[in-house]
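A short worksheet on the structure shown next.
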Amino acid sequence: MNEKIAQLLNTQINKELYSAYLYLDMSNFYDEQDLDGYANYYMIQAQEERDHALLFMKYMQNNGLKVTLDAIDKPDKVFENILAPLTAALEHEKYVTSLINNIYHEAHEAKDYRTMKFLDWFVNEQMEEEDNADSMVKKYKLFGQDPKGLYLLDQEYAARVYNAPSLVL
């Protein structure tokens, strides 16, 4: 495998683990606000991101590449209100999409079709992640400033359950 692609994949592991930390931080914020549904939603997001990191790690291992785990940065966001984590999550998902797209581009340039095939799942996943994050922002702006609306949104997010990725390596 191309050395640059191997490095990008390894870096992505740490980016996914940072994403898990960020979502844990968001879950903690909502827990402090007694919004258990929002806290549940972001706890599950953290689990998903951790599993994404493990998928990248397993892909590298399956291709005989050394995995190097770096220190994970502390989340640097300070949330001032209920909307702030939602907009930060949307911004973050767009950033992660750009990272995945960059790896895909490099794999295409190197004619690394195996890595491109592997990344196809993540390209689709990021489309879903951005859509979900955007929907949460829009729903909060429409309904969340009304206490009854916020309650109903919180109940909706409390019903979310974790579904582990079905990607087989």
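What's counted below: heavy atoms across the whole structure, side chains too, no hydrogens, waters or symmetry copies.
Using cut-offs of 30° and 60° for the angle between ring planes, the Tyr42 and Tyr30 rings count as parallel.
One hydrophobic cluster holds both Met26 and Ile82 under the rule that ILVMFWY side chains link at heavy-atom gaps under 4.5 Å. The cluster map of Ile, Leu, Val, Met, Phe, Trp and Tyr, joined by side-chain heavy atoms under 4.5 Å apart, puts Met136 and Ile44 in different clusters. Both Leu55 and Val123 sit in one connected hydrophobic cluster of ILVMFWY residues. Membership requires side-chain heavy atoms under 4.5 Å apart, directly or through other members. Under the 4.5 Å side-chain heavy-atom criterion for Ile, Leu, Val, Met, Phe, Trp and Tyr, Leu83 and Val78 are members of distinct hydrophobic clusters. Put simply, Tyr21 and Met43 are part of two different groups of oily side chains (I, L, V, M, F, W, Y) that touch within less than 4.5 Å, one to the next.
Between the CG atom in Leu69 and the CG atom in Leu17 there is a gap of 7.0 Å [rounded to 0.5 Å]. One finds the CG atom of Leu35 at 5.0 Å from the CG atom of Leu150 (value rounded to the nearest 0.5 Å). For the atom pair Asp25 CG and Asp76 CG, the distance stands at 9.5 Å (nearest 0.5 Å).
Between the side chains of Glu16 and Gln12, at least one donor N or O sits under 3.5 Å from an acceptor N or O. Donor-acceptor pairing under 3.5 Å is lacking for the side chains of Thr115 and Tyr104. Side-chain atoms of Thr11 and Gln7 include a donor-acceptor pair closer than 3.5 Å.
The two residues Ala20 and Glu49 make their nearest non-hydrogen contact at N-CB, 3.6 Å. Closest of all the heavy-atom pairs between Ala6 and Met60 is O-CE, 3.6 Å.
Salt-bridge formation is detected for the pair Glu48/Arg160: a Lys NZ or Arg NE/NH1/NH2 atom is positioned less than 4.0 Å from an Asp or Glu carboxylate oxygen.
Using modelled atom types, one side-chain atom of Asn63 and one backbone atom of Tyr59 make a donor-acceptor pair closer than 3.5 Å.
Ring centroids of Phe118 and Phe56 are separated by less than 6.0 Å, placing the two rings close together.
Between Glu156 and Lys139, some side-chain heavy-atom pair lies under the 4.5 Å cut-off.
Under the salt bridge (Lys or Arg N to Asp or Glu O under 4.0 Å) criterion, Glu125 pairs with no residue, sequence neighbours left out.
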